[in-house]
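Please read through the structure below; I'll follow up with questions.
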Amino acid sequence: MNSMNVDSIRANRTRAILAFSVPAIISMVLTSLINVADGFFMGNFIHKDAIAAVNLGLPIIYLFLATGLMVSVGGSVLAGMSMGRQDEKSCRSIFSQTMATCAATSVLLSVAMFFLLRTILAALGAEGKVAQYFLQYYTVLLFELPVMTVNASLGMFVRAEGRPQFYLGVTAFTCVLNILLDWLFTAGFGFGVRGIAAASLVSAVIGFAVLLFYFLKGARVFRFVKFSFDREVFKSTMLNGLSEFIGELSMCISMAAYNFVIMRRFGVDGVTAFTVVGYTSYVFSMVVCGFGQGMAPLASFVYGAKEKLLARKLFSRTNLLVFIAGAATVALVGFGSSFYSRIFVDDAAVQQMIKSGILIFMWNYILCGLNAIASFYFTSIGKAKESAVISSARGLVILLAAIFALPAIFGMNGIWLTSPVTEILTLAITLFYLKKDRMKIDG
């Protein structure tokens, strides 16, 4: 029925994790590089204020990701457990309902956000060029975001049935296309920020067409079938994906709080510097998320096959790999901070803010791994409460307190300290839940 096998996973956990994670990591890092490329073209061919304008609307993107992940992660967990029980009919029904739900919710969300764009600008106090760039970019991007959400959900099911390399190929193609269109629409045609958004839309639609063809013609397990809406499946999907929803919604709220505080205290240049430093964080978070998404179907599969200890061992090995990746990223960012600060803007003051900030913020790459992977682990084994508590602590409750408190004490350095401090405080909660989980397995 599928390419996963408990014995082969047990025989070489690292190989199994990497087989699923590396394609996910590459595809997600490539996806994140689109944002970096967008920032490069905006900073070098449009204006540094365009970088700030796009960042002010990031909560909109996180809201789409929150909705899409809640549906697709929750649905893929249920489908993965059905795969472990060899229930092909249930797999396909859950898949079809999940995709229909994902498409409907994302389209409705896009319509609602269209009418709220000016309200968001007013709340942030953005004016002049920043407001102009914001409206030009997001009125186009709202057509792309539902497609992006559906593509991400389809990709999760491609990996769940053991074909991560195919999704990697689709992602690589669309990312390269997006970057080429960025260059063509800005440097070539001079379309400005509308061109950046249009490049994302065109590449996303092409990616969707390829993925849709796969599920109509080439999928081995997950295929579209007629289904009757199942309220219990819907409820379980929402519950299992709740932590991911909270995590992304927390990023939506926290990013809005970041923007509010930085705009009020440090102005547009502060938002630009924060955005550029944030590119490194976004890329690394995709590495962590790739490891988590690679581990999750394996853990769900073996847990559904009653191999609870093996699921825990998969988590431990994944956490070690993420720690190694974090240490390597700290070394790379530390040595390259001066060069990095000059890539996106030619303003000396903003460059200095970027350089000093990244040397503080980079320690977050070592601290964030255990909390994030633990959340993925608890979701994959159906323990939604534990995952939701960890996600809400690191992404909302503790983080919001730090966003408003630390800059008041340490100025702009407080902005850079916010994430590392949040991860340290959340670690106590994570270790508590991991200890309880281990006691239940041993007992």
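Below, each value reflects all heavy atoms present in this structure, side chains not excepted, and no hydrogens, waters or symmetry copies.
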Donor + acceptor pair across side chains of T379, S387 (<3.5 Å)
yes
Step-by-step ring-ring contact (aromatic ring centres under 6.0 Å, His included) determination, F41 to F185:
CA-CA 10 Å; F41 286 109; F185 291 166; over 10 Å; no
Close side-chain approach of L154 to L212, heavy-atom, < 4.5 Å:
no
Identify whether the distance between the nearest side-chain nitrogen and carboxylate oxygen of K48 and D269 falls below 4.0 Å.
yes
For S380 and S300, which I'm curious about, is there any donor-acceptor pair between the side chains at under 3.5 Å?
no
Do Y138 and F134 make the cut of ring centroids closer than 6.0 angstrom?
yes
How far does CD of Q293 sit from OG of S76, to the nearest 0.5 angstrom?
8.0 Å
Heavy-atom distance under 4.5 Å between the side chains of I60 and L142, does that happen here?
yes
S200 OG to L145 CG distance, which is reported to the nearest 0.5 Å:
8.5 Å
Determine whether Y340 and Y279 satisfy the following criterion, ring-ring contact (aromatic ring centres under 6.0 Å, His included), listing intermediate values before the conclusion.
CA-CA 11 Å; Y340 181 77; Y279 289 149; 7.6 Å; no
Any side-chain donor-acceptor pair under 3.5 Å between T426 and N371?
no
Side chain proximity check, M263 to V268, heavy atoms < 4.5 angstrom:
yes
Quick one: do the T105 and T67 side chains pair a donor with an acceptor below 3.5 Å?
no
Separation between CD1 of I94 and OG1 of T101, rounded to the nearest 0.5 Å:
11.5 Å
In terms of relative ring orientation, are F234 and F229 parallel, tilted or perpendicular, with 30° and 60° separating the classes?
tilted
Nearest non-hydrogen partners of Y258 and S419, listed with the distance
OH-OG, 3.5 Å
Please report the C-alpha distance between F315 and F376 in whole Å, then the side-chain angles of each, then the deciding distance to 0.1 Å, and finally whether the ring-ring contact (aromatic ring centres under 6.0 Å, His included) criterion is met.
CA-CA 9 Å; F315 158 74; F376 272 104; over 10 Å; no
V210 and Y214, any side-chain heavy atoms less than 4.5 Å apart
no
